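Notes follow once the structure below has been shown.
Everything quoted here is computed from the prediction, not taken from an experiment.
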Amino acid sequence: MSVPAAGGSSSEAVTMLAQVTTSVAPAIAATGLLLAIAVVLTTRSLGTAVQVLLDLLLAAGLLRFSGAASWEALGSAAVLVLVRHLAGRGIRSARSQSRPAAE
Amino acid sequence: MEFLPDEEWLGGVVNGLVVVVEAAGALVIFAGVLIAVVMFLRALPQRDADAFVPVRLTLGRFIALGLEFQLASDVMRTAVAPSFEELGKLAVVAALRTALNYFLSREIAEERRILKQKEGTSDPAATEGQEQGQR
């Protein structure tokens, strides 16, 4: 029968996709960390480095998030989104406060 | 009603499509990361924090596009979610991705506005310089 085979193959494909994305995500997170360090060293701007790091961590988190999702993965993704939003907002407000003073 | 497709068959087809769409979303995000890393490496020698803004905008656009694909797969999954727990998970995933997409779009718009403002303030200076040079 083709029906159970189709369902089985799609669940296998979901597992394979989750495996691929889960193995790629740490590499992206590590790249983000290295780039953030490079940004700090070249520009001396910690805010920009944190934003670069958060962007790449978000991409890594979203890749890890695709495929089968457990409640734990959902919780960690929610925390990631919250932390990223709060940190980005803090950095932007700090920049907008420092900009008029600098000008 | 034998001419209508079987529910299990439909479930198999939708699940297959969900995998394809979700994989496309992951591929878009991965491609965005690769392009952004290359652009970051090119912007590093400039030693200017503002040089990273267009790179972050590009990465943000790719992430937003990938999120759209993932949201589409969530919507497709609701068609074949059999249990209430699975539907609950889908609702949480869709809410998270929608919120993220919203905040990301706002950030992209804000960064773009700041970039335009900077270009606007830098342009008059450049034109003034040109005019002084001509005098």
**OP:** Identify which part of A/Val24 has an atom lying under 4.5 Å from any heavy atom of chain B, answering side chain, backbone, both or neither.
**Re:** side chain
Subject >> In one Ile/Leu/Val/Met/Phe/Trp/Tyr side-chain cluster, 4.5 Å: B/Ile29, B/Leu65 >> reply: yes
Original post:
Taking all non-hydrogen atoms of both residues, which atom of A/Leu63 and which atom of B/Ala26 are closest, and how far apart?
Top reply: CD2-O, 3.4 Å
Original post:
Between B/Val33 and A/Ala59, what is the shortest heavy-atom contact and its length?
Top reply: CG2-CB, 3.5 Å
Original post:
Should A/Thr43 and B/Leu44 be marked as a side chain to side chain contact (heavy atoms under 4.5 Å, CB included) after you check the CA-CA gap, both sets of side-chain angles, and the distance that decides it?
Top reply: CA-CA 8 Å; A/Thr43 64; B/Leu44 274 176; 5.9 Å; no
**OP:** Return the minimal non-hydrogen interatomic distance between A/Asp55 and B/Ile63, and the atom names on each side.
**Re:** O-CD1, 3.9 Å
Original post:
What about B/Phe62 and A/Leu53, same hydrophobic cluster or not, with Ile/Leu/Val/Met/Phe/Trp/Tyr joined at side-chain heavy-atom distances under 4.5 Å?
Top reply: no
Original post:
Side chain, backbone, both or neither: which part of B/Leu34 has an atom under 4.5 Å from a heavy atom of chain A?
Top reply: neither
**OP:** Could you check if a side-chain atom of B/Leu100 sits within less than 4.5 angstrom of a side-chain atom of A/Leu62, using non-hydrogen atoms only?
**Re:** yes
Original post:
When hydrophobic residues are tied together by side-chain contacts of less than 4.5 Å, even through go-betweens, does B/Tyr102 share a cluster with B/Phe69?
Top reply: no
Original post:
Are any of the side-chain heavy atoms of B/Phe30 and A/Thr21 separated by less than 4.5 Å?
Top reply: no
Original post:
In terms of heavy-atom proximity below 4.5 Å to chain A, should B/Leu17 be classed as side chain, backbone, both, or neither?
Top reply: neither
Original post:
Linking I/L/V/M/F/W/Y whenever any side-chain heavy atoms sit under 4.5 Å apart, do B/Leu96 and B/Met76 land together?
Top reply: yes
Original post:
Applying the 4.5 Å side-chain criterion to the ILVMFWY set and letting contacts propagate, would B/Val28 and B/Met39 be lumped into a single cluster?
Top reply: yes
Original post:
What is the minimum heavy-atom distance between B/Arg56 and A/Val52, and which atoms define it?
Top reply: CD-CG2, 4.2 Å
Subject >> Separation of A/Leu35 CG from B/Leu41 CG (nearest 0.5 Å) >> reply: 6.0 Å
Original post:
chain A heavy atoms under 4.5 Å from B/Leu59: which part of the residue, side chain, backbone, both or neither?
Top reply: side chain
Original post:
What distance separates A/Leu58 CG from B/Phe103 CZ, expressed to the nearest 0.5 Å?
Top reply: 12.5 Å
**OP:** Check whether any side-chain heavy atom of A/Ile28 lies under 4.5 Å from a side-chain heavy atom of B/Val37, and answer yes or no.
**Re:** no
